[in-house]
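Okay, structure first, notes after.
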Amino acid sequence: MNVIKPISLLGEPFFYRGLLIYPVTMKNYLDFMYAVDVLRQKKNRIPDIAVIKMSYLKFIFDYLMVQEDGERYEYMLRLVLALSLSPEQSQSIIFKTDGNSYFMEYTTIEGTTQVITEKDFDEFKKVILDLNGIEDANYEISEEVEKALEEAEKEKAKMHNRKPTTVEDMIDSYHVGAGFSYAEIGEEPIAKFIKNVKRFVNREDYVMFKTAELSGNVKFKQEIQHWLRPVESEGKYSDARVDLNKFTKDFYEKVGGNSK
């Protein structure tokens, strides 16, 4: 699979195989974050070799959609597509099967018919996730360590007597601090909004620390980073994963066994 790095500098759509994939905006944040979970299921954590061998598209239809709440996953898939594509292209999509494999048939922006195969669907899924700054399912760490990291995050929050910052908190702070109206914030792509909030905080910190330094009353051991520095995605458990190797070693020492 080719690695595609979708770029949308100003919220413009990304062209992929005759489709225009749009970054989802903040006004649709709740709907998208609910629906996109259909593309982030940890398929390879299911203890069934037949499921592990499935392509992701086949997994959606032959595993998720046959569960008791299978209709929910069908709705989620359709909602993700509706939020990511134009109404015309979204409504043109038909999922078909030849009995062994699945494919996604649709009308391109040129008006021709094209298909995305099971193999291509993994790339299509990645484009949607990357374009919206969403992390895919992570298999780099074991399920046991992942659970331990979740507990570590909870304990750290308790120690500092703090509650996690919600998206509503971020929206309200951006509205008050940066002066953007809620309507303007609603039109911002999700990935851009998250980065803009981080950069806004970086700028506030930079101004405060630089002012203190220039006053001559405070001296910092490290150079103050400029607020124009790249804003990288910190990823899930970033606070708890200061040193994953050490954490993993300590974890296995507590429960017995080794981390090899």
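All values derive from a computational prediction rather than experimental measurement. Counting from 1, the numbers follow the sequence of the chain as shown.
- Residues Ile46 and Tyr63 form a side-chain contact, since some pair of their non-hydrogen atoms from C-beta on lies under 4.5 Å apart.
- Side-chain atoms of Tyr22 and Glu12 form no donor-acceptor pair, as typed in the model, at a separation below 3.5 Å.
- A salt bridge between Glu213 and Lys210 is present, with a side-chain N of the basic residue lying under 4.0 Å from a carboxylate O of the acidic one.
- By the side chain to side chain contact (heavy atoms under 4.5 Å, CB included) test, Met33 is found to be paired with Tyr29, Ile134, residues two or more places apart in sequence or in another chain being considered.
- Between Arg40 and Asp136, none of the side-chain N atoms (NZ, or NE/NH1/NH2) sits under 4.0 Å from a carboxylate O, so this pair counts as no salt bridge.
- Note: Tyr102 and Phe95 fail the aromatic proximity criterion, with ring centroids not under 6.0 Å apart.
- Legend: residues meeting side chain to side chain contact (heavy atoms under 4.5 Å, CB included) with Glu184, ordered by chain and number and at least two apart, are Phe180, Ser181.
- Here the side chain of Tyr56 pairs no donor or acceptor atom with the backbone of Lys43 at under 3.5 angstrom.
- Listed here is the closest heavy atom pair of Thr25 and Glu187: CG2-O, 3.4 Å.
- Residue Phe103 is found in a hydrophobic cluster whose other members, listed by chain and number, are Val115; membership requires side-chain heavy atoms under 4.5 Å apart, directly or through intermediates.
- Among all heavy-atom pairs drawn from Ile52 and Asn44, the shortest one is O-OD1, 3.7 Å.
- Of the N and O atoms on the side chains of Tyr16 and Asp120, not one donor lies less than 3.5 Å from an acceptor on the other residue.
- Considering only heavy atoms from C-beta on, Met170 comes within 4.5 Å of Phe193 through its side chain.
- For the residue pair Thr108 / Glu110, a side-chain donor-acceptor distance below 3.5 Å is found, with atom types taken as modelled.
- At a threshold of 4.5 Å between non-hydrogen side-chain atoms, the residues Phe15 and Ile109 count as touching.
- Classification of Asp69 and Arg72 as a salt-bridged pair holds, one side-chain N sitting under 4.0 Å from a carboxylate O.
- In this structure, the side chain of Lys58 engages the main chain of Asn100 through a donor-acceptor pair within 3.5 Å.
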